[in-house]
Amino acid sequence: MARAYDVAGIEEKWQRRWAEDGTYQVENDDPRPPFYALCMYPYPSGPAHQGHVRNYTFGDLVVRHRTMRGNAVLSPIGFDSFGLPAENAAIRTGTHPRTFTDQRIAELKASLVRLGAVYDWRREVRSHDPAYIRWNQVIFERLLDAGLAYRANAPVNWCPGCQTVLANEQVLSDGTCERSGDPVERRDLEQWFLRITAYADELLAGLDDLDWPERVKTMQRNWIGRSEGAELDLAVVGRDGSDGRPPLALRVFTTRPDTIFGMTYAVLAPEHPLVDDVTTPAQRPVVDELRRLAAARSEIERTASAEGGAALEKRGAYTGTQVVNPFTGAEVPLFVADYVLMGYGTGAIMAVPAEDERDWAFAQAYGLPVVRTVRPPEGWDDEGRGAYTGAGEKINSGFLDGLEIATAKERAIEALEARGLGVRTVHYRLRDWLVSRQRYWGCPIPVIHCPKHGVVPVPLDQLPVLAPDDVAFEPTGKSPLASHEGFRRTTCPVCGGPAERETDTMDTFVDSSWYFLRFCDPFHEDMAFDPAAARHWMPVDQYIGGIEHAILHLLYARFFTRVLIDTGLAPGLGREPFQRLFTQGMIRMDGTKMSKSKGNLISPARYFESVGADGLRLFHLFVGPPADDFDWTEQTDQVIDGCGRFLDRLWRLLEAVGERGGERAPEHPFDPAASLALRRTTHRTVAQVSADLDRWSYNTAVAHCMELVNSAHKAMSSERAASTEALEEACDMLLLLLAPMAPHVTAELWERRHPDELALHLQAWPTADPGLVAEDTVTMVVQVNGKVRDRLEVDASIGEEEARSAALASPKVRAALGDAEPARVVVRPPKLVNVVL
RNA sequence: GCCCGGAUGGCGGAAUCGGUAGACGCGGAGGCCUCAAAAGCCUUUGUCCGAGAGGGCAUGCGGGUUCGAGUCCCGCUCCGGGCACCA
């Protein structure tokens with residue numbers, strides 16, 4: 001499309017100016033009130049795609065708007081530059097991951113600059129930078145010292161295609177790898193874990209005060225999964241110690257201690273260490289067979305959904321042993337069953353089929369008895385509805401009979417504790433964070449394994465541990481570092497004897513768990529960041545990113561912030577890193593997410609050429625609510641063109657107003673009423689756009705600016721034209737309001753109008769004159785029986801009586817009333833009168 | 001199965017506190033300008049009845065509360081997302 005101005009030239013000019021002038025560089029001792037605006041730093045995947053454009057358009061708007069509002073705005077950016085794609089490319093093409101990554105960073109960076117997004121580039125952070133690796137490793141060693149990092153043998157998700165372990169979130173619900181699609185296997189490996197569970201309670205409680213989308217908080221609460229209940233011991237029959245063997249009891253966890261009277265059997269997970277001990281010789285074959293089946297059905301499969309959403313068939317085997325119900329003394333059978341998971345609670349349960357659906361299903365399949373301990377509603381059993389988990393009166397429960405469930409739980413726990421049978425406990429669904437990756441392109445875990453001294457941290461003065469470049473990139477299932485003798489072989493820092501380096505690298509989520517702290521002060525060689533600088537900028541006032549990070553990144557970052565405070569690296573810092581979070585909607589195309597891996601990207605480059613960065617930014621702001629997903633369709637290009645047209649109209653408006661003289665011909669003087677009307681519209685727009693930006697309603701902010709441009713065009717060309725002063729005010733306000741949204745063209749137009757003044761983006765955000773915002777006449781709606789019959793222009797300060805008589809005097813209302821007398825007149829001056837018959 | 005969103009013209013969406021439904025834009029129709037086109041400008045555009053004035057119907061479906069409901073309550077349908085044997 002032919003444009004009204006030189007889009008490319010102007011955009012290039014201002015991008016250069018902002019960089020040369022350091023407009024958005026900010027010092028840590030800046031006296032203005034600090035504001036930390038942050039977009040989640042991107043994985044460098046090459047030139048920006050529309051998702052980036054959307055994200056960084058929102059972020060840039062916040063940065064420029066807050067700056068005009070008088071804040072010192074910290075606007076840093078960096079690159080989450082470790083990760084699998086670079087290494088997979090190395091395996092495929094032989095290009096070193098660093099070469100590959102640096103090139104893609106350069107491409108992404110160029111896109112961000114081309115978009116007109118402004119940052120303090122002096123603060124750029126790259127995860128693969130040795131300086132960053134070093135502090136990552138120092139932090140890891142702090143965790144090690146604090147007992148928050150440990151090694152354990154654990155069943156892990158292994159992807160045979162990617163040849164590495166996967167985090168739980170990288171496994172899809174059908175048990176396949178999200179990257180390669182291969183079925184994920186279970187392997188037992190010695191791995192590094194971070195003890196995030198130590199902070200479970202605090203991470204849960206801290207959510208309450210955060211200004212985050214409610215659904216993100218809900219997702220984190222569910223992920224942490226706090227369950228209150230009790231652990232109790234079930235005595236194993238025949239194992240009371242009288243036969244010389246030590247007494248044996250089975251520890252189970254329950255959230256329903258009130259239902260103990262209804263326990264009719266108990267279950268061990270197939271992996272439970274006591275299974276062998278409690279299995280009688282006669283039952284061994286069936287128990288072994290069950291365990292074999294369970295091992296084949298991985299934990300992934302056992303915890304994930306089955307086809308059609310129904311729970312998996314529950315399979316079990318009787319151990320031949322009985323356990324004792326602690327409240328009734330009854331002896332009940334002990335089973336091994338695959339619906340009980342070793343990874344949660346104690347790996348053993350008391351089963352109460354009457355009040356638990358899973359136990360009910362198992363009891364039905366294995367012919368086990370059911371004892372109700374809560375009275376179900378009338379007709380429940382007649383309808384064959386199975387387990388009843390709702391509220392009700394306790395029955396068949398001895399000392400708990402007649403109580404409500406909550407009270408009964410308390411009494412049951414008190415009884416357990418009084419008799420020494422059990423204790424009140426809390427369990428979490430959250431598990432410790434597995435951070436080992438058998439890959440090359442990540443931060444090396446800085447420890448040495450010594451045959452004599454075990455795990456020894458690499459001394460701080462020897463950090464960073466950097467991976468060598470001359471490795472063979474082959475998918476072997478071990479880190480390429482493991483087969484690099486020069487790297488692996490080393491000496492023990494304690495005894496000097498031969499030792500081996502750890503060859504696993506860290507999960508890249510470690511890198512992103514504290515980068516926002518590094519941004520506060522990346523200038524020091526001798527510290528990760530100056531704690532005073534962190535205290536100055538933190539917490540992030542506005543964090544912006546995708547909903548896909550709702551759980552993991554945001555949870556890990558909250559965890560790390562606490563760990564850095566508690567290990568002395570960030571003394572005095574607030575414990576929550578991100579006070580306000582905004583999650584933007586994703587861009588879809590043909591029903592799926594627009595992404596590189598789906599191959600349905602629409603490159604921003606062509607729009608930079610046609611409507612410019614300004615036009616494309618405006619489109620992303622205008623197209624719909626920022627939090628909503630939007631569908632990219634065939635019509636989208638026309639909407640983008642429309643945004644370009646709007647900027648042309650703005651340009652022409654400014655041109656025309658600039659050329660217009662202060663006086664018109666005497667036969668057509670400026671109309672004072674039209675001038676006042678335009679001034680009112682201008683100031684109302686200032687008020688509306690300011691409010692829109694504060695509540696993330698960018699689409700209506702753009703719409704309000706469009707209305708003002710339309711009004712100004714009309715006010716200039718009509719017979720009853722507004723004064724040049726009124727038009728100039730409208731123009732100035734438009735440029736100020738649009739400055740954060742379409743920064744280049746507005747900066748240029750401002751400079752042409754005000755060559756001797758401060759640049760547009762250094763101007764203060766405008767305020768509306770309240771006297772011009774308030775209306776003096778309003779349209780009063782007159783309804784008869786709730787239907788609009790007339791609209792009257794009335795004084796805004798009209799009183800109730802006056803409004804009533806004006807409404808009743810309306811001929812249209814009189815016609816609608818006919819002969820009838822109004823039964824009631826509802827008057828809401830000055831907006832509405834409703835005459836009710 | 002459970003939890004959370006959402007459904008408004010041909011399309012994206014607006015309606016901030018229960019008070020004019022459809023702002024703004026896209027698309028469509030008609031016109032001006034032009035030798036012609038592009039660009040631009042103007043008018044119009046929920047739907048039905050009506051020549052018109054005007055009126056009826058309209059915010060996924062069915063009820064309810066209210067003088068008044070897109071907005072609140074109850075019950076559904078469909079779409080999207082998250083969780084899913086967590087004891």
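Numbered from 1 within each chain, the chains take letters A, B, ... in sequence-line order. Atoms considered below: every heavy atom in the structure, side chains included; atoms not considered: hydrogens, waters and symmetry mates.
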Of A:Tyr698, A:Phe646, A:Phe630, A:Tyr607, the one forming a ring pair (Phe, Tyr, Trp, His ring centres under 6.0 Å) with A:Phe619 is A:Phe630
From CZ of A:Arg684 across to P of B:rU16 the rounded distance in Å is 17 Å
Between CZ of A:Phe619 and P of B:rC11 the distance, given in whole Å, is 18 Å
Of the listed B:rG40, B:rG80, B:rG82, the closest approach to the A:Arg588 side chain comes from B:rG80
Taken to the nearest whole Å, CG/A:Asn699 to C1'/B:rU16 is 13 Å
Legend entry - Presence of salt bridge, A:Lys409 and A:Asp258, under 4.0 angstrom: no
Does the side chain of A:Glu707 come within less than 4.5 Å of A:Thr685's, by heavy atoms? no
Paired to B:rG75 by Watson-Crick or G-U wobble criteria (both distances under 3.5 Å) is B:rC61
Closest to the side chain of A:Asp356, out of B:rG12, B:rA87, B:rG19, is B:rA87
Note: for A:Lys787 and A:Arg215 on RNA chain B, the residue whose nearest nucleotide lies more 5' is A:Arg215
* Answer with yes or no after comparing the ring centroid distance for A:Tyr366 and A:Tyr265 against a 6.0 Å cut-off, counting only values under it. => no
Gap in Å between the two C1' atoms, one belonging to B:rG9 and one to B:rG46, rounded: 4 Å
Of the candidates B:rA87, B:rA15, B:rU20, the side chain of A:Leu341 sits closest to B:rA87
Does A:Trp223 have A:Arg429 sitting over its ring (NZ/CZ under 6.0 Å from centre, angle to axis within 45°)? yes
Looking only at B:rG19, B:rG40, B:rG13, the nucleotide nearest the A:Pro625 side chain is B:rG13
Quiz item: For atom C1', what is the distance between B:rU8 and B:rA23, given to the nearest Å?
Solution: 13 Å
ask   = Has A:Lys314 got its NZ or CZ under 6.0 Å from the middle of the six-membered ring of A:Tyr339, at an angle within 45 degrees of the ring axis?
value = yes
Between CG of A:Leu837 and P of B:rG68 the distance, given in whole Å, is 12 Å
Open item on the list: Between B:rG60 and B:rA53, how many Å separate the two C1' atoms, rounded to a whole number?
Closed with: 35 Å
Rounded to whole Å, CD of A:Glu357 lies from P of B:rA87 at a distance of 13 Å
_I'd like to know if the side chain of A:Thr681 reaches the main chain of A:Ala677, judged simply by a donor and an acceptor atom lying under 3.5 Å from each other, with no hydrogens or angles considered._
yes
task = Using the P atoms only, state how far B:rU47 lies from B:rC42, rounded to an integer number of Å.
result = 23 Å
Open item on the list: Students often get this wrong, so: under 4.0 angstrom with heavy atoms, is A:Val826 touching a base, only sugar-phosphate, or nothing?
Closed with: base
Which of B:rG25, B:rA87, B:rG68 is nearest the side chain of A:Val639? It is B:rG25
Considering only heavy side-chain atoms of A:Arg649, the closest of B:rC24, B:rA84, B:rC41 is B:rC41
A:Leu708 CG to B:rA23 C1', in whole Å, measures 14 Å
With syn meaning chi within 90° of zero and anything else anti, the base of B:rC17 is syn
Protein heavy-atom contacts under 4.0 Å, written 5' to 3' over nucleotides 45-53 of chain B as B (base), S (sugar-phosphate only) or - (none), form the string ---------
Side-chain atoms of A:Arg695 come closest, of B:rA87, B:rU16, B:rG12, to B:rU16
When A:Ala348 and A:Arg791 are each assigned the nearest nucleotide of RNA chain B, the 5'-most assignment goes to A:Arg791
Regarding the side chain of A:Met706, the nearest nucleotide among B:rG19, B:rC26, B:rG25 is B:rG25
Say you pick atom C1' in B:rG63 and the same atom in B:rA69; how far apart are they, in whole Å? 14 Å
Original post:
Mind checking the C1' distance from B:rG64 to B:rG18? Whole angstroms is fine.
Top reply: 15 Å
Looking only at B:rG25, B:rG56, B:rA23, the nucleotide nearest the A:Glu707 side chain is B:rA23
Whole-Å distance, A:His620 NE2 to B:rG25 C1', equals 16 Å
Checklist entry - Does atom CZ of A:Arg251 have more than 12 heavy-atom neighbours, drawn from other residues, nucleotides or ligands, at distances under 6.0 Å? => result yes
A:Asn785 CG to B:rG56 P, in whole Å, measures 11 Å
| Atom C1', compared across B:rA21 and B:rC57: separation rounded to whole Å | 13 Å
Does any donor-acceptor pair link the side chain of A:Arg828 with the base of B:rG19 at a separation under 3.5 Å?
yes
field: Separation between the C1' atoms of B:rG31 and B:rG22, rounded to whole Å
entry: 26 Å
Answer whether the closest heavy-atom distance between the side chains of A:Tyr388 and A:Glu355 falls below 4.5 Å.
no
